[in-house]
Number of protein chains: 2
Amino acid sequence: MSTISKVAERAGVSRTTVSHVINHANRVSKPLREKVQAAIDELGYSPNPQAKSLRTGRTNLIAMLIPDIGNPFYTEMVKAAQAALEEAGLDALIYNTDVPGGNWQTHGRDYLRQLSRKRVDGLLVGDFALHGITEELLKLDTPTVFIGHLANQAVDSVKIDDFGGGYMVGEHLARQGHKHVVQVTGPELFESAMARADGFEQALKDNKIRFSRKQRYLGSYLPPSGREAAQWIATLSGDDRPSAVFVGNYLMAMGLLAEFHDQGVRVPKDIAVAIFGDLPQLEYVRPNLTRAGENPGALARRAVEMLLDRLNGKFDGPPRTEVIPCALRIFESA
Amino acid sequence: MSTISKVAERAGVSRTTVSHVINHANRVSKPLREKVQAAIDELGYSPNPQAKSLRTGRTNLIAMLIPDIGNPFYTEMVKAAQAALEEAGLDALIYNTDVPGGNWQTHGRDYLRQLSRKRVDGLLVGDFALHGITEELLKLDTPTVFIGHLANQAVDSVKIDDFGGGYMVGEHLARQGHKHVVQVTGPELFESAMARADGFEQALKDNKIRFSRKQRYLGSYLPPSGREAAQWIATLSGDDRPSAVFVGNYLMAMGLLAEFHDQGVRVPKDIAVAIFGDLPQLEYVRPNLTRAGENPGALARRAVEMLLDRLNGKFDGPPRTEVIPCALRIFESA
DNA sequence: AGACGCATGCAAATGGATTTGTGAATGCAT
DNA sequence: ATGCATTCACAAATCCATTTGCATGCGTCT
């Protein structure tokens, strides 16, 4: 592998000049610049990024912390973030905090600490509602954008309008004439889960539909709990029997639909289903689910924009909080 | 951020000694070691990884090249590979070669070239059957493991037994008494797609079931082509009408099932469906699909093992080629 | 007592690129 | 022709950690 010295020798100039050709082209006269460029091309030279980092203090690395890349919601985010970062010449390091068998409560914090040793230029932290993580974020001296609901405004953040999306679904079900509905939410630890649930219930209230806490099933955001929720729904009979169910995310909906199928429950004939969240793969799920949400990629793209604004000094005010609106899309399921 | 010099000053020793405490602990006497360690802890020091890389020539970075992380097959691989790499203290850089709108034929090659500038310690290259990529691999001086079928044995490689898996499905359908079947394959460029198809057809042949090229639908490995395949199947009537279909991967199966649903075609009543591939999310797809395959995570884990063997000199013979066997899992769809 | 070996700690060289400060050369105006 | 302002190129310092080779001191063996 060739170094800047070899290029300099070959071109008959000093290392400084070679560096200028690469980084401040206009400081070098055209003929000389071309001579140096020729040497660079002949040797197939490219600057050693580690040496460059050492000198400049920038690594061109962004770390992205998410719970689980196997969750399509986060996969979409990663994909979009990577594409956006790559355009800016930055590489992404992805960290799954929810390591199988690991204790995820402490994991996020450990990761945050580990990360400070890696000297990344910026951080994208996905919502995972860890206790103590917000204080930890305050301590960081790395530009950070939090994706999700951040109670203390320690750093920039961007989230989907969970409440609004839940509201849209509630309103839709009300207009469809449903009188008795249930919902399957994510875990209480997740702000997003509670906001979706609250929005949904607010819409019911505004439409004069009775709803009690008993009609809430507290899930985990994962498929098995969707399945369990479906089993719970099967136990409801008489006046308690719902004509529609609102599911808090995609993965639980998959579990729920599978269980309904196995039990011979037909959607929407026997029960209507609407969910929060919009993902590309929903295009091929049948029955096609009525849903409110936004592609997570939009979220990630905005997060990257905010991060880049910080990195290149385009913005340096106090932490910003942004909200991405939801859209309601109606299909056969409800 | 504190440096090794500050630690040395604080502990009243030379930089060398601090370095030894960190990297060759036994070369430093216990009392001194403890004194230095105390200084390290007080200052919260950790070595600058860039400086370390510059000196040692190792970056602790592994690059992973895959077509599209949105494809669950590759998501699983990434997840497993990252977990395995992390255990070894290595970070993974993920590159999606199939950038939207990009020309993927040339992209893979460009990426490979780009990567040589990043100075990663190792490479995991996912199957994407690009022309010219195998020659490019030969030129690399970076330890590499290719995941998929590699015609020239330029580097280590590991793949799933595509042929065997296809064979299992063909045999199963034959035993179920199907006399006329069709199959939906991946693109010709993918060795894996052709191997699955060939295995399938070989099994039919061995079971004396007639099969002609007309019964092959050449898909793209993506959902829309599964949908189109379903439409094609709907046009087959009379003697051409199949009682079963073999689909080459998960994504095309999703498209096919959606189209069947929309057309009112019932699985397995009207037509049986079996696929190649096993992914966690199939657990929640209904009807539950009969399938032959292996979780891509196993593939990735083995690939990482092979790569680590190269990196720490545990193995340095000629390139190895390994094959991971498939298993047949029978469910309601066929 | 002298020679030798071992454990221990340090100074200095090394890796590769960027950047500051300086001197030389050129152009323009007087 | 002289003085001043630019432009251009370079030497050397810097970023931080690792590692080689050397110096010191202590104990052991002959």
Side-chain angles (χ1 to χ4, degrees), chain A residues 1-41 43-61 89 91 116-121 141-142 312, chain B residues 1-41 43-61 89 116-121 141-142:
Chain A
M1 192 100 312
S2 48
T3 71
I4 198 172
S5 297
K6 289 189 195 159
V7 174
E9 192 183 358
R10 174 134 190 166
V13 298
S14 75
R15 304 207 305 277
T16 311
T17 307
V18 179
S19 178
H20 277 150
V21 168
I22 297 171
N23 301 298
H24 314 278
N26 55 326
R27 291 175 93 84
V28 179
S29 68
K30 200 172 174 187
L32 191 56
R33 195 194 316 158
E34 281 164 356
K35 195 169 70 175
V36 172
Q37 189 58 53
I40 290 177
D41 294 342
L43 293 172
Y45 166 76
S46 76
N48 180 312
Q50 278 73 39
K52 184 168 180 162
S53 290
L54 182 57
R55 184 63 238 245
T56 61
R58 294 194 65 161
T59 58
N60 289 330
L61 286 175
D91 280 319
S116 61
R117 342 208 122 195
K118 309 248 180 192
R119 324 275 162 122
V120 295
D121 287 346
D141 49 355
T142 308
N312 54 34
Chain B
M1 191 102 314
S2 47
T3 71
I4 198 172
S5 297
K6 289 188 193 157
V7 174
E9 192 183 0
R10 174 137 192 164
V13 299
S14 76
R15 304 208 303 279
T16 311
T17 306
V18 179
S19 178
H20 277 149
V21 169
I22 297 172
N23 301 298
H24 314 278
N26 55 327
R27 290 176 93 83
V28 180
S29 68
K30 201 173 174 188
L32 190 58
R33 197 195 315 159
E34 281 165 356
K35 196 169 73 177
V36 171
Q37 189 58 54
I40 291 177
D41 293 342
L43 292 172
Y45 167 76
S46 76
N48 180 312
Q50 277 72 42
K52 184 169 180 160
S53 289
L54 183 56
R55 185 64 240 249
T56 63
R58 294 193 66 160
T59 57
N60 289 331
L61 286 174
S116 61
R117 343 208 122 193
K118 309 249 180 192
R119 322 278 162 121
V120 294
D121 287 346
D141 49 357
T142 309

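Predicted, not measured: the structure shown is a model, and the values here were computed from it. Just so it is clear: chains get the letters A, B, ... in the order the sequence lines come, proteins before strands, and each one is counted from 1.
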Between [X] and [N], is there a side-chain N or O to OP1/OP2 distance below 4.0 Å?
{"X": "B/Ser19", "N": "D/dA17", "result": "no"}
{"X": "A/Lys52", "N": "C/dT18", "result": "yes"}
{"X": "A/Ser5", "N": "C/dA17", "result": "no"}
{"X": "B/His20", "N": "C/dT8", "result": "no"}
{"X": "B/Tyr45", "N": "D/dC16", "result": "no"}

Nearest-Å distance, [atom1] ([X]) to [atom2] ([N])?
{"X": "B/Asn23", "N": "D/dT18", "atom1": "CG", "atom2": "C1'", "answer": "7 Å"}
{"X": "A/Ile22", "N": "C/dG16", "atom1": "CD1", "atom2": "C1'", "answer": "11 Å"}
{"X": "A/Gln50", "N": "D/dT14", "atom1": "CD", "atom2": "P", "answer": "23 Å"}
{"X": "B/Ile40", "N": "D/dC16", "atom1": "CD1", "atom2": "P", "answer": "16 Å"}
{"X": "B/Arg27", "N": "C/dC10", "atom1": "CZ", "atom2": "C1'", "answer": "13 Å"}
{"X": "B/Asn48", "N": "C/dA17", "atom1": "CG", "atom2": "P", "answer": "17 Å"}
{"X": "A/Lys6", "N": "C/dG16", "atom1": "NZ", "atom2": "C1'", "answer": "11 Å"}
{"X": "A/Arg55", "N": "C/dA17", "atom1": "CZ", "atom2": "P", "answer": "13 Å"}

**OP:** Could you check whether B/Thr16 gets within reach of a base, just the sugar-phosphate, or nothing at all, counting any heavy atom under 4.0 Å?
**Re:** base
**OP:** Kindly say whether A/Asp121 contributes a backbone atom to a donor-acceptor pair with the side chain of A/Thr142 at under 3.5 angstrom?
**Re:** no
Subject >> Minimum-distance nucleotide (side-chain atoms of B/Val28 versus C/dG9, C/dT14, C/dG16) >> reply: C/dG9
